[in-house]
Student: 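This is the structure I want to talk about, given as structure tokens.
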Amino acid sequence: VRTHAVETVGRLGKHTLQGELVRLLDDPDPFVRAASAWAIGRLGQASNQSALRRAVKDRHPQVKVRAAGALLMLGDRSAFSILTDALEAKDAAVRIQAAEVLGFVVEPSARTLLTQRLQDTDMYVRLYAAEALAKIGDQSAVSYLRAALNQQNRFLGLFAGELLSNLGDRSAIPLLREALESDEDI
């Protein structure tokens, strides 16, 4: 519940709550800390950079990645290497989050690293890397996502369709129409 509340504050842009968000960077729950770092970045207040610089030293990788992304949103590139390192992490969840963050902050200098993630062993990492590349203007990534629509694993195909729809691409409509008429539950 707290994580969702923090994410909502970040989306709403409620600057009156930024003190609470900074305080939550010390919360015992790493998901609350990560969401708080991200929300602080979305609020766009450069005055919170020192709190985010402390958060990038957190022991939990999700907190580090979100705090690094928040610093990028605030124009501070000092934590960029944390995101590039996260793209190489053993944990696929960390690689996914790093790709997602780089796509959200539209970081063109990450293009080469994200392109390498298109060969990742984890399909979700590949899809998030493709979405991030598309957001930074790499049209070959849109082709990659379109090809992923035809996965044997229908869930992954639908996930690729969701990512394409997030980019405003309507090529997933036939697959979505088929899924709507399906009796299959994924």
Side-chain angles (χ1 to χ4, degrees), residues 4 7-8 10-13 34-35 37-39 41-44 61-62 64-77 79-186:
H4 183 69
E7 290 169 348
T8 301
R11 282 192 301 275
L12 292 174
W38 193 248
R42 291 191 72 165
L43 290 176
Q62 273 194 322
K64 285 182 183 185
V65 168
R66 291 291 181 180
L71 283 168
L72 279 176
M73 281 188 255
L74 297 175
D76 181 344
R77 298 187 45 79
F80 181 69
S81 64
I82 291 170
L83 294 172
T84 58
D85 290 347
L87 281 174
E88 302 293 329
K90 288 184 179 184
D91 183 351
V94 174
R95 296 193 309 273
I96 288 168
Q97 192 167 62
E100 185 178 30
V101 165
L102 288 166
F104 185 86
V105 298
V106 188
E107 183 53 53
S109 62
R111 185 178 302 224
T112 301
L113 293 168
L114 288 166
T115 300
Q116 291 169 355
R117 291 295 103 208
L118 293 177
Q119 304 304 316
D120 199 278
T121 57
D122 185 278
M123 181 62 178
Y124 292 101
V125 173
R126 295 193 303 267
L127 291 172
Y128 274 106
E131 181 189 37
L133 284 164
K135 286 179 177 178
I136 63 176
D138 187 329
Q139 288 305 306
S140 68
V142 173
S143 299
Y144 180 89
L145 288 170
R146 286 180 183 152
L149 289 172
N150 301 316
Q151 291 289 318
Q152 273 192 300
N153 179 327
R154 290 177 48 84
F155 178 76
L156 291 175
L158 289 170
F159 185 64
E162 179 183 344
L163 296 177
L164 283 165
S165 70
N166 290 346
L167 298 167
D169 187 297
R170 299 174 53 85
S171 59
I173 289 176
L175 177 68
L176 294 170
R177 183 172 287 124
E178 180 184 320
L180 288 172
E181 296 171 6
S182 174
D183 292 334
E184 183 182 355
D185 242 351
I186 297 177

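Worth knowing before you read on, the calculation uses all heavy atoms, side chains too, and leaves out hydrogens, waters and symmetry mates. Note that the structure is predicted; figures quoted are calculated from it, not measured.
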Student: Suppose we screen for side chain to side chain contact (heavy atoms under 4.5 Å, CB included). Which residues come up paired with L113, at least two apart in sequence or across chains?
Tutor: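 Only T84, L87, E88, Q116 meet the side chain to side chain contact (heavy atoms under 4.5 Å, CB included) criterion with L113.
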Student: Does any non-hydrogen side-chain atom of D91 lie less than 4.5 Å from one of P61?
Tutor: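 In short, these two side chains do not touch, never coming nearer than 4.5 Å.
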Student: Please report the interatomic distance CG(L43) to CH2(W38), rounded to the nearest 0.5 Å.
Tutor: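 That separation rounds to 12.5 Å.
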Student: Just verifying a value: how many Å separate L164 CG and L145 CG, rounded to the nearest 0.5 Å?
Tutor: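 It comes to 4.5 Å.
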Student: So do I82 and L71 actually touch side chain to side chain, heavy atoms under 4.5 Å?
Tutor: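 They are not in contact (no side-chain heavy atoms under 4.5 Å apart), so the answer is no.
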Student: According to side-chain hydrogen bond (donor to acceptor under 3.5 Å, both in side chains), who are the partners of E107, at least two apart in sequence or on a separate chain?
Tutor: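 Testing E107 for side-chain hydrogen bond (donor to acceptor under 3.5 Å, both in side chains), a comparison that skips the adjacent residues, returns R77, S109.
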Student: For E162, check salt bridge (charged side-chain N to carboxylate O under 4.0 Å, His left out) against everything at least two apart and list the hits.
Tutor: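 Expected list: none.
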Student: By salt bridge (charged side-chain N to carboxylate O under 4.0 Å, His left out), which residues pair with D169, not counting sequence neighbours?
Tutor: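 For D169, the residues satisfying salt bridge (charged side-chain N to carboxylate O under 4.0 Å, His left out) (neighbours in sequence not counted) are R146.
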Student: Less than 4.5 Å apart, side chain to side chain, heavy atoms only: is that true for F80 and D85?
Tutor: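 F80 does not reach D85 side chain to side chain.
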Student: Could you measure the distance from the CG atom of L133 to the CG atom of L167? Nearest 0.5 Å is fine.
Tutor: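 With rounding to 0.5 Å, CG (L133) is 10.5 Å from CG (L167).
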Student: Can you pull out every ring pair (Phe, Tyr, Trp, His ring centres under 6.0 Å) where at least one residue sits in residues 113-137? Sequence neighbours excluded, please.
Tutor: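 Pairs touching residues 113-137 that pass the test: Y124-F159, Y128-F159.
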Student: Kindly state each residue pair satisfying salt bridge (Lys or Arg N to Asp or Glu O under 4.0 Å) with at least one member in residues 94-104, sequence neighbours excluded.
Tutor: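 Counting only pairs at least two positions apart or across chains, the salt bridge (Lys or Arg N to Asp or Glu O under 4.0 Å) contacts touching residues 94-104 are R66-E100, R95-D120.
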